[in-house]
Number of protein chains: 2
Amino acid sequence: MAVTLKDIALKAGVTTATVSMVINNKPNISETTKKRVLAIARELNYYPNVIARGLATKRNNAIGVVVPNIASGFIMRIMEGIKNTLRNANYTVILFDTIGQGITEYNLFQKVVYEGRVDGVIVITASSSDAELELFKKEKMPCILVAKHSAILDSIYVNNRGGSYTAVKYLIDKGHRNIGVVTVNRKNLNIEERLDGYRDALVEKSIPFRSELVYEATSDSMTDGAHLANKIINARQSGDNVPTAIFSPAGDMTAIGMIKEFKKRGLKIPEDIAVVGYDDVPAAEVVEPALTTVRQPKLEMGDLAINLIIDKVEKGDKTIESREFAAKFIIRESA
Amino acid sequence: MAVTLKDIALKAGVTTATVSMVINNKPNISETTKKRVLAIARELNYYPNVIARGLATKRNNAIGVVVPNIASGFIMRIMEGIKNTLRNANYTVILFDTIGQGITEYNLFQKVVYEGRVDGVIVITASSSDAELELFKKEKMPCILVAKHSAILDSIYVNNRGGSYTAVKYLIDKGHRNIGVVTVNRKNLNIEERLDGYRDALVEKSIPFRSELVYEATSDSMTDGAHLANKIINARQSGDNVPTAIFSPAGDMTAIGMIKEFKKRGLKIPEDIAVVGYDDVPAAEVVEPALTTVRQPKLEMGDLAINLIIDKVEKGDKTIESREFAAKFIIRESA
DNA sequence: TTGTATGCGTTATCAC
DNA sequence: GTGATAACGCATACAA
């Protein structure tokens, strides 16, 4: 049986109210009783029951992290940033995701908001609409949106358009004019923004956008990359529209799959065809040639997110802030 | 303001007790009031406050996952398995780790047990002693230990000794007699077990164990691998004790770093020196030659862990079970 | 079939 | 300074 305030009160000859005040360091308690109560608490190895405390104070000291799917390197790095800076802050983080639960993201939002387990949330998703996110505002649940800009909530996001622009401009400056681009049909990847950056660079250099140079992957995987690489090589052989460089906002694994397939088919990277990825996964450094890619500052985003949300929760700050991070272009050998 | 049982009761003209019984699908409620209450609950968009419910029932529908550090691919894959099969089971998972909190693992155990937030825990660590783990038993907190065998708690673990044995035997069968082994000083890696497997294979084939063939990494990283590779090459040049194969129970990244450095120094893999890793990280498939390695069935372990713990929590099962998984030897090109 | 009363462990508002 | 007492939202034993 867990030891409660009552146990301590009984043993100390005071009431639970007094014990509670001692435990919470409230003023107006005599030094002597304070010492006695504290000693007994330690002796009995007392831990406050956070559930009961939460009921009484309407504060749980818990932050929810809401994600579509935890099985993503992107999200894990952000989580790492969150946990890393949680430090002394006495908060517990609770992970919510839709995985395997057969519910929509909005259902999950409702659950998180109405269940009452958390004091605030960090929502990491680019696939929810403002209409859905509105729920947090409506129910006055402190919330930080990570991954895209929002007009109605605090948000932390990366300038992916700028990241793509930098990458593509780099390719153009190297002399490339036919630059293929790999997209993927995953809503929470901000893929449209990334394509915009690609177009920006083209426009700036007066290079026409050509839809034949857009390749679609079904997921960010090496097999998809290999498949697309073959498609490109075949197009090369039939002559026209031969890309001399590929930019893969769909992700690094696709880019890596392409590199490996290009090499297998006898092409030299980056001489015959340059490749640029997106994400900077660990394998990007391993592939030969090492992958030039775009990195998002995930740890920093997680760090900022947890700090912001705790501020919101504790200070009741109501202003809507948003913070943009720059994507970092990592130049290695593949381009 | 969140809607409570009281709100529904008021509107339905019954008491909170009745509403509670309806919500929880208790028997002996007339169909008519049931329907009416349910309709109003839906209309008001009622969600039970899980904190209050937890206090009343002493059940939180929450499982704690306790880890030393979430920033590990191993743990993330297990988490993925856990979340994946959580499915309809109406449980929330709460992540606890010691990262950046300046507390010991045992302090964390205490927090988890005494705070009362969770009904059961999955502890993923190989670095805690039985004496520390005893706490869960003592306080009757249902617990599954993942990563090593335990006599006092349910446990799920991988036969790492067998996995190492298989890998090293494979090298021996390929004709290798001087097999280097890379260790790392990280307690929660079960490194000793893995070394035992290495020794087992040696003993079986009557090959003497030689401590000069043991190399120590400081972490599982490419830079450590490169460093060790150079050490080995230098030893080669001075003549004696030249390993013709390397087994890296310290992890794949170290093995990959070695491969890249060996290649840079002009050695051919696996002809001049064979390399076998441990873990099967995504990059293992990317390096050239692709890394032969040992994989632990992480998803399956997570799956079993969550099923077991929910059973324990719900059925109050008291027997101590343990389940061993076999490690899988993945043969690629580096050996 | 439904209402009344009580408790879960804690905090908070009063008196004294 | 400290003790009663109510309240948080819900569940449940018992009474009606």
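Every chain is numbered from 1, with letters handed out A, B, ... down the list of sequences.
A heavy atom lying under 4.0 Å from DNA chain C marks the following residues of residues 23-45 of chain A, by number: A/Asn24, A/Lys26.
Rounding to the nearest 0.5 Å gives a distance of 8.5 Å between SG of B/Cys143 and CD1 of B/Ile152. Between atom CG of residue A/Asp154 and atom CD1 of residue A/Ile144 there is a gap of 4.5 Å, rounded to the nearest 0.5 Å. Between atom OH of residue A/Tyr46 and atom CD1 of residue A/Ile8 there is a gap of 6.0 Å, rounded to the nearest 0.5 Å.
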Please write out the pairs of protein N or O atoms and N or O atoms of nucleotides 5-9 of chain D separated by less than 3.5 Å, giving the distance to one decimal.
residue: D/dC8; atom: O2; partner: A/Leu55; partner atom: O; Å: 3.4
residue: D/dC8; atom: O2; partner: A/Ala56; partner atom: N; Å: 3.3
residue: D/dG9; atom: OP1; partner: A/Lys58; partner atom: NZ; Å: 2.9
residue: D/dG9; atom: N2; partner: B/Ala52; partner atom: O; Å: 3.3

What are the atom names and distances for every N/O pair under 3.5 Å that joins the protein to nucleotides 14-16 of chain C?
none

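A donor-acceptor pair is defined here as one N or O able to donate and one able to accept, closer than 3.5 Å; such a pair exists between the side chain of B/Asp119 and the backbone of B/Asn60. Using modelled atom types, one side-chain atom of A/Thr57 and one backbone atom of A/Arg53 make a donor-acceptor pair closer than 3.5 Å.
For A/Phe136 and A/Phe109, the ring centers are positioned less than 6.0 Å apart.
No contact: B/Val19 has no heavy atom under 4.0 Å from any strand.
Of the candidates A/Asp311, A/Ile310, A/Ile309, A/Asp303, A/Asn307 forms a side chain to side chain contact (heavy atoms under 4.5 Å, CB included) with just one, namely A/Asp303.
In this structure, the side chains of B/Ile82 and B/Val65 come closer than 4.5 Å at one or more pairs of heavy atoms. Contact of the A/Met76 side chain with the A/Val67 side chain is not registered, since no non-hydrogen atoms from C-beta on lie closer than 4.5 Å.
In this structure, B/Tyr114 atom OH and C/dG9 atom C1' are separated by 17 Å, rounded to whole Å. Straight-line distance from the CZ atom of B/Arg117 to the P atom of C/dT10: 14 Å, rounded to whole Å.
Remark: B/Thr18 is not in phosphate contact with C/dT2, judged by side-chain N or O atoms under 4.0 Å from OP1 or OP2.
In this structure, B/Arg77 fails the cation-pi test against B/Phe74, since its NZ or CZ atom is not both closer than 6.0 Å to the six-membered ring centre and inside 45 degrees of the ring normal.
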